[in-house]
Engineer: 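One structure, as structure tokens, below. Some questions next.
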Amino acid sequence: ADLLLFDVLFKVLAFIILSPLVAWLFRQFVATSGNAAVGNFDIARFLLSPLGLGVTILIAGLVCTVSFGELAGLMHIGYGAAQGLRITYSDALRFVRKRVVRILGASYLVLLILIAGALPFLIGILITADYLLTQHDINYYLEAKPPEFVAVVVIGGVLSSLAIVVLVLISVPLMFVLPQVLFQDDAVLSAFRHSRRLTKGTFGSILTAFLVWLLGTGLASILLNSTIYYVGKLLVTASGQRVTALLISLGIMSAIDLVLNLALAFLSVALGCLVIARLFREGCLAQGVKLKKAADEAPSLDSEVRRRLPQKAPLALSVTM
């Protein structure tokens, strides 16, 4: 219940914060383009300009910070559970609020490292496209699909696959940067060094857990959406020419699709956070690193009382804290 309450409340707060920011970015983009309407090429030109690139990195960093904030709260709850303690959603929100600056620094560090890892492959794709696809408009290539277009698609696919492999390998040593910043009070650069040290001996197990989580969530998403699609198709077919029945069927399936995908997204993120928190704790214990107690960051309830609370406390109890 606390995981879900925290996730819902944090998403609402993130929406309130990010929506004006995205609206401002769009207004700035339209103002710099000089047009009332913008197309794909205008967007690409803006994003590849120095101003657009800088703004994109800024916005991406803030979005990454919000994502890290969500992960931080969920990890805090999971970290406490790994120590036999209960952390409420309000404790998690307070925990994130106190560490906004650290979360911001950690998110930008991880983002810049990942960008540096992906940049050579992105440059390779852009150079290939610029060299082979300059004779005609992009719409011609999309429609006719000449050999040079196919070559760009193949080369782009190979480079993208290599980029994914590299980014996955880069992500493993970064896995504990956020927990180090959150739970061990490390500075951002120290957290990076300590994360690399903690993941050295358990690189294989962390990579396996990460891939299992990635494949599991991907397969669950495919299965869920395929089921919704086929059930929706059957309902639409059964509705026949009755417009009212068709609209009701589409409305019901859209609502089900939204609810189930939100639930899957929450379960996926929550499970990933719990796994990272447990792996971090086990890695610290294996290397003799002293762990802070999660209860030290949750002063709303005495640690001894918290230790006696059941894992599945009633929702009413969590609301009163």
Side-chain angles (χ1 to χ4, degrees), residues 43-44 47-48 52-72 74-75 102-130 152-182 186 188-222 264-265 267-280 283:
I43 295 172
L47 293 178
L48 293 175
L53 192 60
V55 171
T56 300
I57 293 175
L58 174 64
I59 299 299
L62 293 176
V63 171
C64 191
T65 301
V66 171
S67 300
F68 268 38
E70 180 182 8
L71 296 179
L74 295 174
M75 277 186 197
R102 290 182 185 178
I103 294 171
L104 181 68
S107 63
Y108 268 101
L109 173 67
V110 171
L111 178 65
L112 292 176
I113 291 174
L114 293 178
I115 289 175
L119 199 56
F121 301 98
L122 178 61
I123 292 173
I125 293 172
L126 292 175
I127 290 174
T128 303
D130 186 62
V152 170
V153 171
V154 172
I155 294 172
V158 171
L159 290 177
S160 298
S161 300
L162 292 174
I164 291 172
V165 172
V166 169
L167 290 177
V168 168
L169 294 177
I170 290 175
S171 297
V172 174
L174 298 174
M175 198 70 71
F176 295 150
V177 169
L178 186 59
Q180 281 288 152
V181 166
L182 297 175
D186 275 359
V188 174
L189 293 179
S190 299
F192 174 66
R193 290 194 299 269
H194 292 156
S195 177
R196 290 184 61 193
R197 178 171 57 83
L198 283 175
T199 55
K200 266 185 181 178
T202 56
F203 187 94
S205 60
I206 293 173
L207 180 60
T208 301
F210 179 70
L211 292 177
V212 168
W213 172 81
L214 199 63
L215 291 173
T217 53
L219 290 174
S221 178
I222 292 172
L264 179 61
L267 291 173
S268 173
V269 173
L271 179 61
C273 290
L274 294 175
V275 169
I276 291 174
R278 185 167 292 276
L279 288 172
F280 173 70

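Start at 1 with the first residue, then count along the sequence. Atoms considered below: every heavy atom in the structure, side chains included; atoms not considered: hydrogens, waters and symmetry mates.
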Engineer: On a heavy-atom basis, which atom in Ser171 and which in Leu167 lie closest, and how many Å separate them?
Structural biologist: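 For Ser171 versus Leu167, the nearest heavy atoms are OG-O, 2.6 Å.
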
Engineer: How long is the gap from CG on Leu114 to CG on Leu174, to the nearest 0.5 Å?
Structural biologist: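 Nearest 0.5 Å value for the CG-CG distance: 6.0 Å.
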
Engineer: Hey, is CZ on Arg278 packed in by over 12 heavy atoms from elsewhere, all under 6.0 Å?
Structural biologist: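 Not buried by this count: 12 neighbours or fewer within 6.0 Å.
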
Engineer: Can you give me the closest heavy-atom contact between Leu71 and Cys273, atom names plus distance?
Structural biologist: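 Distance-wise, the nearest heavy atoms are CD2-SG, 3.3 Å.
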
Engineer: When rounded to the nearest 0.5 angstrom, what distance separates NE2 in His194 from CG in Leu198?
Structural biologist: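 If I round to the nearest 0.5 Å, the distance is 8.0 Å.
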
Engineer: Supply the atom-to-atom distance Leu112 CG to Cys64 SG, rounded to the nearest 0.5 angstrom.
Structural biologist: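 Those atoms lie 9.5 Å apart.
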
Engineer: With a 3.5 Å distance limit and no angle check, can you tell me whether Trp213 reaches the backbone of Ser268 through a side-chain donor-acceptor pair?
Structural biologist: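 At least one qualifying donor-acceptor pair exists.
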
Engineer: With side-chain contact (heavy atoms from CB on, under 4.5 Å) as the test, would you mind laying out the steps for Val188 and Tyr108 before giving the verdict?
Structural biologist: CA-CA 10 Å; Val188 174; Tyr108 268 101; over 6 Å; no

Engineer: Quick one: closest heavy-atom pair of Phe121 and Leu159, and the distance?
Structural biologist: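 The answer is CD2-O, 3.6 Å.
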
Engineer: Would you say Phe192 and Ile113 make side-chain contact, with heavy atoms under 4.5 Å?
Structural biologist: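 Yes. Closest side-chain heavy atoms under 4.5 Å.
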
Engineer: Does any N or O in the side chain of Ser107 come within less than 3.5 Å of the main-chain N or O of Leu104, such that one atom is a donor and the other an acceptor?
Structural biologist: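 Indeed, once roles are kept as given, a pair shorter than 3.5 Å links the two residues.
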
Engineer: Tell me the closest heavy-atom pair linking Val168 and Leu211, and the distance in Å.
Structural biologist: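 Smallest interatomic distance, heavy atoms only, reads CG1-CD2, 4.3 Å.
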
Engineer: Of all heavy-atom pairs between Val177 and Ala106, which one has the smallest distance, and what is that distance?
Structural biologist: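 Smallest interatomic distance, heavy atoms only, reads CG1-CB, 4.2 Å.
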
Engineer: To the closest 0.5 Å, what do you measure between CD1 (Ile206) and CD1 (Ile276)?
Structural biologist: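 The CD1 atom of Ile206 sits 9.5 Å away from the CD1 atom of Ile276.
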
Engineer: Do Pro173 and Phe203 come close enough that some side-chain heavy atom pair is under 4.5 Å?
Structural biologist: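 Pro173 reaches Phe203 side chain to side chain.
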
Engineer: How about Gln180 and Phe280: do any of their side-chain heavy atoms sit closer than 4.5 Å?
Structural biologist: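 Contact flag for Gln180/Phe280 side chains = yes.
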
Engineer: Rounded at 0.5 Å granularity, tell me how far CD1 in Ile222 sits from OG1 in Thr217.
Structural biologist: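 Ile222 CD1 to Thr217 OG1: 9.5 Å, rounded to 0.5 Å.
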
Engineer: Just so I know, are the side chains of Leu182 and Leu178 near enough to count as touching, which here means a heavy-atom distance under 4.5 Å?
Structural biologist: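 Sidechains of Leu178 and Leu182: in contact.
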
Engineer: With a 4.5 Å limit on heavy-atom distance, are the side chains of Leu279 and Met175 in contact?
Structural biologist: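 They are not in side-chain contact.
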
Engineer: CG/Leu119 to CG/Leu126 distance, rounded to the nearest 0.5 angstrom?
Structural biologist: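 The distance works out to 9.0 Å.
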
Engineer: Looking at Val181 and Ala191, what are the two nearest heavy atoms and their distance?
Structural biologist: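 Reported closest heavy-atom pair: CG2-CB, 3.5 Å.
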
